[in-house]
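Below is one structure, written out as structure tokens; comments come after it.
All of these numbers come straight from a predicted model, not from anything done at the bench. All heavy atoms count here, side chains included; hydrogens, waters and symmetry mates do not.
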Amino acid sequence: MTVVAPILIGLAYVTLSSLIPDAHRRRFNAIFVAGAGAAYLSAGAMGPWEFAFAAAATYCAFRGLESWTWIGIAWLLHTGWDIVHHIKGAPIIPFAHDSSLGCAICDPVIAIWCFAGGPSMFALAKGRQQQLS
């Protein structure tokens with residue numbers, strides 16, 4: 001369950017994001033990953049490195065306003081930061097010990113979708129269904 005649930009959460013995020021019209025989907029995801037980049041700031045477990053990470057994630061998110069690739073990079077950076085926090089024992093949700101580990105599993109699922117250009121999962125499923133008919 002430690003692995004399956006985060007993967008399902010990543011897939012749920014991708015599916016729900018697919019409900020956003022294509023014209024707005026990339027920008028929404030850039031803003032969302034910027035917020036994710038600031039998620040650890042309040043805990044401050046890594047001291048000033050938290051600010052350095054937030055700045056790097058924000059830069060990637062800004063570039064992501066025009067590029068799915070940069071959004072994917074931001075999610076992978078967040079994955080790395082999740083791993084650092086998990087190893088240090090400073091999870092993203094203080095009362096959920098494995099929350100950073102779960103986030104590190106979930107984030108690459110979203111990153112893969114971003115590297116694919118953030119396609120609508122509904123359009124992909126519809127196209128596949130038409131191919132099978």
By side chain to side chain donor-acceptor pair (under 3.5 Å), Asp82 pairs with (sequence neighbours left out) Tyr40, His78
Does some side-chain heavy atom of Cys103 sit less than 4.5 Å from a side-chain heavy atom of Trp81?
no
Donor-acceptor pair, Ser67 side chain versus Arg63 backbone, under 3.5 Å?
no
Ser120 and Arg25: side-chain contact (heavy atoms from CB on, under 4.5 Å), yes or no, with the steps?
CA-CA 9 Å; Ser120 168; Arg25 191 176 309 129; 3.7 Å; yes
Under the criterion side chain to side chain contact (heavy atoms under 4.5 Å, CB included), which of Thr69, Ile71, Leu76 is the partner of Cys114?
Ile71
When you look at Leu101 and Ile105, which way does the side-chain contact (heavy atoms from CB on, under 4.5 Å) test go after all the steps?
CA-CA 6 Å; Leu101 176 62; Ile105 295 167; 4.2 Å; yes
Carefully, step by step, assess Tyr13 and Asp107 under the rule side chain to side chain donor-acceptor pair (under 3.5 Å).
CA-CA 10 Å; Tyr13 176 86; Asp107 293 352; over 6 Å; no
Audit row: Cys60, Leu77, side-chain contact (heavy atoms from CB on, under 4.5 Å) steps and yes/no:
CA-CA 9 Å; Cys60 291; Leu77 282 175; 3.6 Å; yes
Quick one: are the ring centres of Tyr59 and Trp70 less than 6.0 Å apart?
yes
Derivation of the side-chain contact (heavy atoms from CB on, under 4.5 Å) call for Trp49 and Val84
CA-CA 11 Å; Trp49 289 108; Val84 168; over 6 Å; no
Measure from the side-chain N and O atoms of Ser100 to the backbone N and O of Ile92, and report whether any donor-acceptor pair falls under 3.5 Å.
yes
Inspect the surroundings of CZ in Phe62 and state if more than 12 heavy atoms from other residues, nucleotides or ligands are less than 6.0 Å away.
no
